[in-house]
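FYI, the numbering just counts along the sequence from 1. Because the structure is a prediction, the values reported are computed rather than measured.
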Amino acid sequence: MGALLLIFGLLSGCLLAVLVGMIGSRRHIGFGWAFLLSVIFTPFVGLILTLLSEPLHAGADKRWGCIGHLLAMIGMLLLGMIIFLLFALITAN
């Protein structure tokens, strides 16, 4: 039961980090830095730091476009698969 709570916490934290990254993609901090800060610290701290950066101007291009979001989703999916496999190995023994 405790392992399931740990897996749920890790996956929900990664999802929140992606959401903070999406907010950061419209600011000077960018998607990558907002996502990284949210993963290293917590999504709450990442959100605060992201909101403290200035928004991009209306005519400014996004830095990564949808590629950053795609890479973050693939990374989250791979992390979920690794955690699931580790959980399956732990419960098999």
Side-chain angles (χ1 to χ4, degrees):
M1 181 71 173
L4 286 176
L5 289 174
L6 179 65
I7 290 171
F8 177 74
L10 286 173
L11 290 178
S12 62
C14 286
L15 177 67
L16 289 173
V18 168
L19 293 175
V20 170
M22 291 172 83
I23 293 170
S25 68
R26 298 171 192 243
R27 297 184 167 270
H28 281 288
I29 194 170
F31 177 86
W33 283 110
F35 178 74
L36 186 66
L37 289 172
S38 296
V39 169
I40 291 175
F41 299 111
T42 63
F44 183 69
V45 172
L47 179 65
I48 290 173
L49 294 173
T50 301
L51 292 176
L52 287 176
S53 71
E54 293 186 24
L56 289 175
H57 301 293
D61 292 332
K62 291 183 182 179
R63 294 185 182 175
W64 281 80
C66 66
I67 295 174
H69 298 132
L70 180 65
L71 290 176
M73 290 299 213
I74 290 172
M76 226 173 64
L77 181 65
L78 289 174
L79 178 66
M81 288 172 40
I82 290 170
I83 291 172
F84 179 75
L85 290 173
L86 286 175
F87 180 71
L89 286 174
I90 290 171
T91 57
N93 292 330

If hydrophobic clusters are built from ILVMFWY residues whose side chains come within less than 4.5 Å, do I23 and L37 share one? no
Applying a strict under-4.5 Å side-chain criterion to I, L, V, M, F, W and Y, I'd like to know whether L51 and W33 cluster together. no
Membership question, hydrophobic clusters at under 4.5 Å side-chain separation (ILVMFWY): are L15 and F31 in the same one? yes
Minimum heavy-atom distance between G46 and S38, given as atom pair plus value: CA-OG, 3.5 Å
To the closest 0.5 Å, what do you measure between CG (L16) and CZ (F35)? 11.0 Å
Evaluation steps, side-chain contact (heavy atoms from CB on, under 4.5 Å), between R27 and L56: CA-CA 5 Å; R27 297 184 167 270; L56 289 175; 5.6 Å; no
Taking all non-hydrogen atoms of both residues into account, name the closest pair between A34 and V20 and its distance. CB-O, 3.8 Å
Non-hydrogen atoms of G13 and P43 that approach each other most closely: O-CG, 3.7 Å
Look at the side-chain heavy atoms of Ile, Leu, Val, Met, Phe, Trp and Tyr, link any pair under 4.5 Å apart, and say whether I40 and L47 land in one connected group. no
